[in-house]
Protein chains: 2
Amino acid sequence: MTVQNGAAAPEGGKARRIYLLLRDEILGGTHAPGEALPGELRLAESHGVSRVTIRRALDALVGDGLVERRAGSGTVVRQPSSTPVQLKADFATLMPQLERMAAETTARLLSFAYVSPPQQVGKALNLGPDEKVQRAVRLRRAHDKAFSHLTTYVPERIAESYSEADLASTPLFRLLERKGVRVDHARQTVSAVLATPETAEPLETTVGAALISLTRVVYDASGDGIEYLYALYRPDRFQLEMLLNRVGGNDDRHWAPVLSETTQ
Amino acid sequence: MTVQNGAAAPEGGKARRIYLLLRDEILGGTHAPGEALPGELRLAESHGVSRVTIRRALDALVGDGLVERRAGSGTVVRQPSSTPVQLKADFATLMPQLERMAAETTARLLSFAYVSPPQQVGKALNLGPDEKVQRAVRLRRAHDKAFSHLTTYVPERIAESYSEADLASTPLFRLLERKGVRVDHARQTVSAVLATPETAEPLETTVGAALISLTRVVYDASGDGIEYLYALYRPDRFQLEMLLNRVGGNDDRHWAPVLSETTQ
DNA sequence: GCTTCCTGTATCTTTTAAAATACAAATTTC
DNA sequence: GAAATTTGTATTTTAAAAGATACAGGAAGC
């Protein structure tokens with residue numbers, strides 16, 4: 001990553017790079033709705049490319065409905081008429097959020113199979129070398145817009161207590177507790193990844209777009225891994241949010257998450 | 001984003017796209033260290049490009065020191081010798097973590113100025129139309145490797161109580177409390193963005209790489225905004241982690257974050 | 001030792017992207 | 001209404017990326 005002595009990273013289409021950057025900035029709020037972007041000539045100069053290239057990037061943004069151009073006037077960020085509702089999940093109390101959310105959202109099962117676990121999954125769940133896992137890939141939509149791509153791995157011995165049909169209708173969580181698994185604690189990690197051809201397509205986005213990734217490993221009371229979740233979220237349609245309070249006395253002031261109801 | 005009626009997004013350099021994807025997968029653990037990648041021919045087929053293009057992408061990975069190639073044998077993911085230490089921060093108790101971390105890390109001030117706030121910042125801090133803010137951009141390194149890029153906005157009336165030199169030596173947080181600001185609560189949001197030319201360079205990464213973004217707004221007891229933080233993290237050098245416990249009785253079982261010491 | 005599967009290397013062609021440039025037309029500003 | 005600024009459009013040229021193809025050479029399995 002740091003070492004750049006060998007071959008340099010391929011530059012890649014400049015128009016596309018600028019398209020992705022501008023899109024990111026617009027969705028991220030750097031360019032607020034209603035605000036005019038810098039002129040094409042200015043953009044060309046600041047990005048070190050020709051105006052034609054800037055134009056190609058802007059064409060794509062117009063195609064996405066993110067900006068409007070007016071000859072002679074400028075290019076303006078559109079009001080996000082189509083996505084006024086952005087889903088938010090609270091970090092601190094994640095599950096209840098998700099369960100409540102499940103009412104408004106639909107989940108589609110994209111794939112379902114028993115496979116040998118990827119190395120990292122086997123390690124996290126502490127599986128034997130020949131133990132198999134059930135892998136399920138689901139796509140969640142809200143208001144007919146895909147916002148998350150979930151891949152779950154469950155050890156075969158636990159997974160065999162429910163069917164594919166159960167999974168399609170009931171949250172995995174409920175199924176496990178019904179079976180008598182005593183869910184105890186979990187560890188989750190948040191990161192960022194690029195959309196691949198496999199994940200971009202169901203999420204209705206572009207290869208190379210930034211996605212939030214969340215990895216969660218759930219354990220039972222005895223410390224055995226129960227479930228490995230790898231979730232991808234479109235940052236423009238889903239946010240992970242959390243409230244913190246400053247607590248404690250003078251010597252030990254620190255932050256603690258607010259556990260009450262959802263923010264907002 | 002969804003609407004693809006207008007101009008399609010520019011395709012962009014395929015070699016670069018594949019380079020970024022493979023890099024992402026390697027750093028994300030999909031291809032474990034020591035494991036052989038699929039052969040060039042296989043990769044070419046699965047990505048729908050020629051072998052030459054795959055080769056260009058792999059060349060760049062070799063240049064980054066992420067993979068090793070052996071003629072006749074294959075291409076293998078290298079053991080990450082250079083970055084064995086990955087920093088982790090706990091979400092639930094973020095600040096203590098950061099303060100402790102500050103001991104091992106260095107921070108460099110990249111820019112310091114009083115400016116008119118971006119629209120989103122002004123709104124979040126509930127500033128008047130002509131109120132200015134102090135903007136400071138800092139770069140954090142650990143073991144000589146940059147891992148985070150921080151931009152903070154503080155209303156002018158609060159910021160004027162400390163100098164640029166203070167900021168370089170003392171955490172912003174301490175400065176505020178010393179001044180008598182009663183830090184009360186905060187709201188933070190995690191997302192994912194692409195590295196821009198401006199952020200990629202100091203973070204020693206590539207334009208178009210995925211970065212974790214964290215936005216935090218800190219309020220005082222009366223609800224006034226004190227600080228707006230926009231942080232970018234390299235996902236390969238920094239992780240946001242959090243432990244959860246399953247708590248509550250039968251009727252109201254839910255998750256609660258573990259507040260004790262760091263995980264790991 | 002033979003076969004198979006892989007990477008290394010080289011050349012040539014085709015395709016695509018980017019740049020340079022010029023000018024028309026709409027809009028704002030003064 | 002003149003000037004300046006901005007987007008719209010078109011053409012030509014240049015540069016870069018991708019593809020197709022062929023063959024040499026190392027490594028592993030049988």
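All of these numbers come straight from a predicted model, not from anything done at the bench. Letters A, B, ... are given to chains in the order of the sequence lines, protein chains preceding strands, and every chain is numbered from 1.
Looking at R70(B), its side chain has no donor and acceptor atom pair within 3.5 Å of the base of dA27(D).
Here the C1' atom of nucleotide dA19(C) and the CD1 atom of I54(A) are 13 Å apart, to the nearest Å. In this structure, CZ of R42(A) is placed 12 Å from C1' of dA4(D), rounded to the nearest angstrom. A straight line from CG of L43(A) to P of dT5(D) spans 16 Å, rounded to a whole angstrom. To the nearest angstrom, C1' of dA18(C) lies 11 Å from CD1 of I18(A). Separating the OH atom of Y19(A) from the P atom of dA17(C) is a distance of 15 Å, rounded to the nearest angstrom. Between R56(B) atom CZ and dA20(D) atom P the separation is 12 Å, expressed in whole Å. One interatomic measurement links the two molecules: CZ of R16(B) to P of dA17(D), which rounds to 11 Å at whole-angstrom precision. Per the geometry, CG belonging to L37(A) stands 19 Å off P belonging to dT5(D), to the nearest Å.
When the side-chain nitrogen and oxygen atoms of S73(B) are compared with OP1 and OP2 of dA27(D), none of them lie within a distance under 4.0 Å. Side-chain N/O atoms of R69(A) include none lying less than 4.0 angstrom from OP1 or OP2 on dT6(D). Distances shorter than 4.0 Å separate none of the side-chain N or O atoms of T75(B) from OP1 or OP2 on dC6(C).
Here dT7(D) is the nucleotide among dT7(D), dA27(D), dT6(D) with the atom lying nearest to any side-chain atom of R51(A). Counting only heavy atoms from C-beta on, K14(B) has its side chain closest to dA18(D) among dT7(D), dA18(D), dA20(C).
Toward the 5′ end of DNA chain C lies the nearest nucleotide of R55(B), the other residue of the pair A71(A) and R55(B) mapping further downstream. Between V52(A) and G72(B), the residue anchored nearer the 5' end of DNA chain C, judged by the nucleotide with its closest heavy atom, is G72(B).
Residue Y114(A) forms a side chain to side chain donor-acceptor pair (under 3.5 Å) with just one option from E160(A), K132(A), Q134(A), and that option is Q134(A).
Contact of the Q188(B) side chain with the L229(B) side chain is not registered, since no non-hydrogen atoms from C-beta on lie closer than 4.5 Å. In this structure the side chain of L214(A) reaches within 4.5 angstrom of the side chain of L240(A), judged on heavy atoms.
Taking Y230(A) as the reference, nothing meets the ring-ring contact (aromatic ring centres under 6.0 Å, His included) condition, with sequence neighbours excluded.
Note: Y228(B) and Y153(B) have perpendicular aromatic rings, judged against thresholds of 30 and 60 degrees for the angle between ring planes.
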